[in-house]
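Note that ligands are numbered from 1 as they come in the structure, with each ligand's atoms numbered from 1 the same way. All residue numbers in this chain count up from 1 along the given sequence.
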Amino acid sequence: MTMDDQDETVPRLCEQLSRSSLRELLRQDREKEEIAEAQVSWYHGKISRETAETILRQGIADHGNIDGLFLVRESTASPKDFVLSLMYNREPYHFVIQNQCEGHYRIDQGPVIHGLDELIQRYKENDHGLPHKLTQFCIDQPPPHQARKFGHTNILHRAVGEGNVQITQEILNSVNHPDVNKKNADGSTALHDASFYGLSEIVSLLLAAGANANSRDSGAYTALARACCGGSGRPNSVAVLITQGGADPQEPCPKTGWVPLHEAAMRGHCECVKMLLAFDAPLMSRTHDGDTPCDIAQKYGKLECASLLSRYVVPKPQLKKEQWYHGNLDRQGAARLFTLHGVQDGLFLIRPNSRRTDFYVLSLCFNRSPYNYEIRKSMYQNKHVYYIDDGPFLPSLDHIVYHYSKRADGLPCRLAKAISPNNRIVEVSVVPPLEEENEYSNYKQLTSPDLPPRPDNVGTWGMTNKGTPPPLPSYPPPKKTLISIPAKRITTGSLLGEGEYGAVYKGVYDNGKEKRDVAIKCFHDDQVNVMEDFMKEATTMQGLDHVCIVKLIGVSKSPLMMIQEFVPQGSMLDFLYDHPDQVEVKVDLYLWATQIACGMMYLEEKHLIHRDLAARNILLQSKRQIKISDFGLSRAIGADNDYYRASRGGRWPIKWYAPECVNYGQFSHASDVWSYGVTLWEMFTFGEPPYGDKRGAEVIKDIERGKRLPKPDNCEAVTYDLMLSCWSARPADRPTFAKLHRKFQVDDEYQTVSKSRTGRMK
Ligand code: AMP
């Protein structure tokens, strides 16, 4: 069923836009949509049974007895279910529409149907056991889009189908744009289409506008799965969906159990396979039929892909068996230990299986009860593998702990804290595997350092309006493994400052051939809970290579230290404060502002949001070159929690944050632009603290009332206007980093800055 099939003769949007304004097209589009949506406006939201009965009885009072008059409402008893209320013989009947899994429903023991719209259609055709088939409905609104299978093809779907970045951006910037998560007549969202076509720039725009990476299309595919199906694979879109959208590579299709790696393997899309593995997708997830991605590649004759998957060696997690393995404990013993440690969710241990000595048991605490899962052992491709139920095959018990500490994947919760045999609680941080220096793992052989931009011709799937998509920005796959540097190669020198996780020292790294100055970020042993942030920062930094960004050299495992290039002049904030007499506003500040914008453009190209841009995090290589540092918060995923955890180290970045970050936890390149404005203000006041000693909560109130930081004395009106534009309430009204870069670089006002000195994009 489709609500409105796209008319083949509809002209391309850019042609239409040459005749009408976007506003007018949006208005027409909305009108068309309202007409189409009236056919499914049987949804009444969260109303009680009594209200439903009143509405139905009123319908009969107005129009005479109608058997099969119905409405659908949200269940008041269980959150994801709905209720069908219908009239028969002037009496109301109510049937629970049970949610089986995302977007799939059934009534009683009837078949599971994708979408409320399809379910209603089924019961319109035949009663299938209801007192009467559905006939007419009491009108209110269409059902929520995530609960339906099909929608109406709107202007946003068309812009994406035409691969037009600029029009997509303009639509998203307009006040009356359609909801980004609406489905089109084929049942896919704009994000599904952009991912399938490999339009990674549009994928990024849609995610920034709130597109849901977990929504399923009419084939029950997520956008990530679609990116693995399209063309010859869309690795760039895969990377954007995971890093920016938080898409989970382990999310299976509810019908088949296939994960995105199966989809890529079946089509022989090797670059997507590499990208998914780079993001820790389990190598050996199993479909409902028990096939791993390698089995699927073999079945479909994708031999290059099969060989790639069978050669891949999963990196070893940094975990120690003695943290969680109890060689001599039974079920009751495990329960006793949980009680002793306060039966917290996520508390776990692993013990031998009393029935089969080659099997193990994972005991996990959830909802104040112990749960026990058998960990089985078997042979796959001549190697031992471990697994729980139909979960992925994993190469060792360490990998079991690593995998299930990253995601629940069928368990009631993630593994969070291990009880060790000596009765201590050990937090299991999600620590990425380390690679030994100079040792090339299979992964490195498999991964090309820079993927060439892909010729992403729009395919034929799904859309009737085709166009030539824009060239893609190249999006190199992240290096998965960190370079491990033995501590003996590092000599620690003087203290440089206090960082988020511990002290930062100057030091020397001797790699056997040459010595170089480095900065050593240490890690407080007692702060186990910040280890995850520390490793995230290292993992983020290793993929970055730009003159305006501090480079990561590697990580020492024991003691845990991050080794970075040494930036001799230290923090820009300290320099401004300590040596104002050495800083010329029209030369140095404008140069630094240009270079910061340039570094931020590079991060934007990498789809990375910094989330902690501030003068304290800008380092000075010399007066001619800044470096952006401190990537501890640079992941859009789990924004607020990470942020507040990070603030325990003494930082309080609220004053650098845009209102949507504070209010909704929404971080984007536009929220980084807000922070850039505050950083400019710090520069032009020579290091004054923004908003003085006002409390964060007061600042938020002031901002909401429209108040902004005052113009610094040393600042030209035009520069202050730029700051004010960075602090526009609506993210879409803020300038881009590209614009800010241009402004500082070329405006007459700033011509004293020689172009040769500005940082350039690589
Ligand atoms: P952070 O952990 O980034 O907040 O660092 C704390 C302080 O250590 C900074 O304010 C700098 O003074 C110094 N610092 C950090 N990284 C470096 C580096 N790569 N080179 C020189 N100094 C650094």
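- Geometrically, ligand 1 and K521 share a nitrogen or oxygen pair separated by less than 3.5 Å.
- Among V504, L573, L620, the residue whose heavy atom lies nearest to atom 14 (N) of ligand 1 is V504.
- No side-chain donor from either of Q582 and K623 sits under 3.5 Å from a side-chain acceptor of the other.
- The side chain to side chain contact (heavy atoms under 4.5 Å, CB included) with V518 is formed by just one residue from the set R516, K521, K515; it is R516.
- Every atom of ligand 1 with a heavy atom of A519 under 4.0 Å away is listed here by number and element: 17 (C), 18 (C), 19 (N), 20 (N).
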Sequence neighbours left out, cut at 3.5 Å: what donor-acceptor pairs do the side chains of residues 687-694 make with other protein atoms?
from : atom 1 : to   : atom 2 : distance (Å)
K694 : NZ     : D702 : OD2    : 2.5

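- Within 6.0 Å of CG in N422 there are more than 12 heavy atoms belonging to other residues, nucleotides or ligands.
- Residue L619 touches ligand 1 through its side chain alone, judged by heavy-atom distances below 4.0 Å.
- For D517, the side-chain contact (heavy atoms from CB on, under 4.5 Å) partners at least two apart in sequence or on another chain are K506, V508, F566.
- Short contacts between ligand 1 and E565, defined as distances under 4.0 Å to a heavy atom of the residue, involve ligand atoms 18 (C), 19 (N), 20 (N).
- Ring geometry for F667 against Y657 counts as perpendicular: the plane angle is over 60°, on a 0 to 90° scale with 30° as the lower cut.
- For ligand 1, the atoms sitting less than 4.0 Å from at least one non-hydrogen atom of L496 are 12 (O), 21 (C), 22 (N), numbered in the order shown with element in parentheses.
- Considering backbone and side-chain N/O atoms, N617 never comes within less than 3.5 Å of an N/O atom of ligand 1.
- Those atoms of ligand 1 that come under 4.0 Å of a heavy atom in Q564, given as number and element, are 16 (N), 19 (N).
- Classification of the F684-Y590 ring pair by plane angle, with boundaries at 30° and 60°, yields tilted.
- For V550, no nitrogen or oxygen atom sits less than 3.5 Å from a nitrogen or oxygen atom of ligand 1, counting backbone and side chain alike.
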